[in-house]
Amino acid sequence: MRALFDFFVKHGSAFLFIVLEGVSLLLLFTLSESRNAAIMTSAGNISGSILKIRSSIGQYFSLKDENTALAIENSLLRERLWQYESDSAFMAREQMETLLSNPEQTVLARVIDNSTRHDDNFVTIDRGTIDGVEEGMGVYDSHGAVGVVMIAGSRYSIVLPILNSRTSLSCKIRNTDQLGFVEWKGGSVYEALLIDIPYQSNVQIGDTVQTSGFSWAFPEGLMVGTVAWVKHRQNANTLDIGVTLASELNNLGWVFVHQGTPNEEIEAISELILQQNN
Amino acid sequence: MKVILFFRRFVTLLLFVLLQVFVFGRINLFGYAAPLFYVWMILHMESHMSRSAVLLWSFFLGLAVDVFTATPGLNAATATLTGFLQPVAMNISTRIDRHDTLRPSCESMGWRRFMLFSMSLIFIHILVYFILRGTPEQNTGIFVTSVLSSFAITFTLVFFIDLAFSEKADNRPV
């Protein structure tokens, strides 16, 4: 017994190293994408509060720029309102009225932390489960799609933006209705890649890329970006399409969280297919 | 006295966490180089500290940085390994068994020895950090560029700031 005690005392630091390293790796590989990670990340209440204070100070100094951006946005909205008022298409009017009559479908949130310099970037917002934010909900700003909520803490949430190698947004090209996925492979923060569009598609530079509406995260037709370039992928029957992102993801201020409702039947079928494929 | 030392070290830890998260964490030169400046605190832990104490301080330093990011455990795992190797690297660099206190720096070790000591630990720290973090599509080119550029910027920051604050940065024996 004494020998065992001496052994532990002699090699105590080695055991401590193994324990601490084990705890760290356990956190890294099991918690990084789970709900429990909220407390260990910037979605936690303490770190979220500190990030919010810093964000408030930063926003105070950028008030002038924000005012200019709001004025521009205001004039664009006014222009769109005139177009809407002159539009006689009854369906479009009905759809917009339905959207406007359900303001609870969106949650306004402030971006309190935002990284754009890594391969896997994250955005932290000051709204959590008590505000109705849940994992999987889509996030967008006044220009277009931003990303999807990855971890929802009680008061703060972490969003997986388009600028993350794990993000894959189901999108379509407006003119052709061709479906594909918008992903990011690193590099410019203003450009992403649209993949899985068939080679035969008639895609033009400047075409609008928008959400397909095939996932509950985003409604159909939300702006993602515009086609910047088109290349034929080698040894494949698909195109690689560069997309200039509509949102300036390195300059986010206020965002909206889309409170879509998951269709349980579709989710169940999707899970079944995934299980069968595995 | 121990309480004061503990409190000082705790304040230092908070300072390095805030510096890393709000200053150095926002630097990204050429899209690859990410300075992990908080490693400074691990490098400068004194020789009289027990290995377990160095390990615990390193672990909590890394964990505190992780709390402000969305990668729980990444910096904690890396910092714990660096904390485990720090006393070993210090023994090799100073070459003699010391019974008095040594706080690694250009001033106490001489700039050549401190350079070797900090280079080896910073390189291992950065290498392990990027191995655990991974790169998009396992791209070796991006991995190598990220490791080398991040190592260069971190080492430059640590070494030259230390050199600037050292009054007698000569190569005297220790």
Self-check item: Contacts of type side chain to side chain contact (heavy atoms under 4.5 Å, CB included), residue A:V227, not counting sequence neighbours
Solution: A:V203, A:D207, A:V209, A:V230, A:I241
Practice problem: Show your working on side-chain contact (heavy atoms from CB on, under 4.5 Å) between A:L25 and B:L132 and close with a plain yes or no. | Solution: CA-CA 9 Å; A:L25 294 175; B:L132 291 176; 4.0 Å; yes
Exercise. Starting at CZ of B:F22, measure out to CG of A:D113 and round the result to the nearest 0.5 Å.
Key: 7.5 Å
Quiz prompt | Best-contacting candidate, B:A76, B:S50, B:G62, against chain A by heavy atom pairs under 4.5 angstrom | solution = B:A76
Self-check item: Worked check of side-chain contact (heavy atoms from CB on, under 4.5 Å) between B:L63 and A:L27
Solution: CA-CA 10 Å; B:L63 198 66; A:L27 283 172; 3.7 Å; yes
Exercise. Would you indicate whether B:F159, at its atom CZ, is surrounded by more than 12 heavy atoms from other residues, nucleotides or ligands within a distance under 6.0 Å?
Key: yes
Self-check item: Residue A:Y190 excluded, over 12 heavy atoms near OH under 6.0 Å
Solution: no
Quiz item: At their closest point, which heavy atom of A:E21 faces which heavy atom of B:A77, and how far apart are they?
Solution: OE2-O, 2.8 Å
Self-check item: Pairwise distance CG(A:L20) to CG(B:L55) - rounded to 0.5 angstrom
Solution: 6.0 Å
Practice problem: Let me know if A:V23 has heavy atoms under 4.5 Å from chain B in its side chain, its backbone, both or neither. | Solution: side chain
Quiz item: Under the ring-ring contact (aromatic ring centres under 6.0 Å, His included) test, which residues partner A:Y140, sequence neighbours left out?
Solution: A:F256
Distance-only criterion, 3.5 Å: show the donor-acceptor pairs between side-chain atoms of residues 8-16 of chain B and protein atoms not counting sequence neighbours.
{"from": "B:R9", "atom 1": "NH2", "to": "B:E46", "atom 2": "OE1", "distance (Å)": "3.0"}
{"from": "B:T12", "atom 1": "OG1", "to": "B:R8", "atom 2": "O", "distance (Å)": "2.6"}

Quiz item: How about residues 79-89 of chain B versus chain A: which residues have heavy atoms under 4.5 Å apart?
Solution: B:T80, B:L81, B:F84
Quiz prompt | Max heavy-atom pair count under 4.5 Å with chain A, selected residue of B:A64, B:S58, B:G25 | solution = B:G25
